[in-house]
Structure formats: structure tokens, C-alpha cells
Amino acid sequence: MNTDKRSQLEKCRQEAETIAHLYEGIPAVVQNLAASCNEKGSFEHVGPSPIPSQEMIMLFHFNQAGFGQPDLSSGSGGNESL
């Protein structure tokens, strides 16, 4: 076996040992949850989800509550506590 392959195998072994050591510190419930992501029928989307702006959240809540459109020109939407 050439030196490069031996070096790559040693690096891989060391990384596997490090990962195994870190994995031991994860509670079983988290390990089970992570493993369930690979089961058939689990959710398909894993990635960043867009987070709505404060303005969009306020518009949604005002509309749901039946208040119509808030005045967003001041930046507070009429609610100074936000």
C-alpha cells in the first residue's frame, strides 16, 4: 500500500474515532430522532426555511385578528412594544 493511501486510511480512522467519541455524548433520544430522519416516510425537506420579516408577521396577525392593515410607516406597526 502506498504512503498516500496509508495516510488517508489513518486520517479516516482518526476522524471516525473522533466522531464516535462525540457521538457517545449525545443523549439516546437525540440519536433516535436523528436516525428517524432516514426512515421511509420521514420528512423530505432538510434545509434553511425562509423566516418571514417582522412586517409580514405583523400583517398576518393583524389580518387574522380582523384589524385590517396596520400602519407600518413608523416601523412599529402601531405597537411600540415590538
Side-chain angles (χ1 to χ4, degrees):
M1 185 179 294
N2 67 29
T3 307
D4 285 343
K5 282 222 184 234
R6 217 175 284 181
S7 175
Q8 287 176 342
L9 287 173
E10 179 61 23
K11 183 179 177 185
C12 183
R13 184 189 64 75
Q14 290 173 349
E15 288 178 359
E17 286 178 6
T18 300
I19 291 169
H21 176 69
L22 293 173
Y23 196 72
E24 291 170 1
I26 299 173
V29 67
V30 175
Q31 293 176 17
N32 293 338
L33 177 62
S36 73
C37 294
N38 293 324
E39 294 175 359
K40 185 176 181 177
S42 73
F43 59 91
E44 297 285 327
H45 176 76
V46 178
S49 296
I51 299 173
S53 67
Q54 181 180 9
E55 178 180 345
M56 294 308 297
I57 293 170
M58 291 170 55
L59 286 171
F60 173 80
H61 285 292
F62 271 80
N63 287 331
Q64 291 298 311
F67 293 126
Q69 297 292 320
D71 177 15
L72 300 174
S73 61
S74 67
S76 66
N79 188 343
E80 298 302 323
S81 65
L82 290 178

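These values consider heavy atoms only, across backbone and side chains, with no hydrogens, waters or symmetry-generated copies.
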When rounded to the nearest 0.5 angstrom, what distance separates [atom1] in [X] from [atom2] in [Y]?
{"X": "Met58", "Y": "Asn63", "atom1": "CE", "atom2": "CG", "value": "11.5 Å"}
{"X": "Leu59", "Y": "Ser53", "atom1": "CG", "atom2": "OG", "value": "7.5 Å"}
{"X": "Glu10", "Y": "Thr3", "atom1": "CD", "atom2": "OG1", "value": "13.0 Å"}

Once side-chain contact (heavy atoms from CB on, under 4.5 Å) is applied, do any residues pair with [X], and if so which ones, sequence neighbours excluded?
{"X": "Ile57", "result": "Pro52, His61"}
{"X": "Ser7", "result": "none"}
{"X": "Glu17", "result": "Arg13"}

Problem set entry | All side chain to side chain donor-acceptor pair (under 3.5 Å) counterparts of Gln64, not counting sequence neighbours | none

For this session: Tell me, please, which residues at least two apart from Glu15 pass side chain to side chain donor-acceptor pair (under 3.5 Å).
Result: none

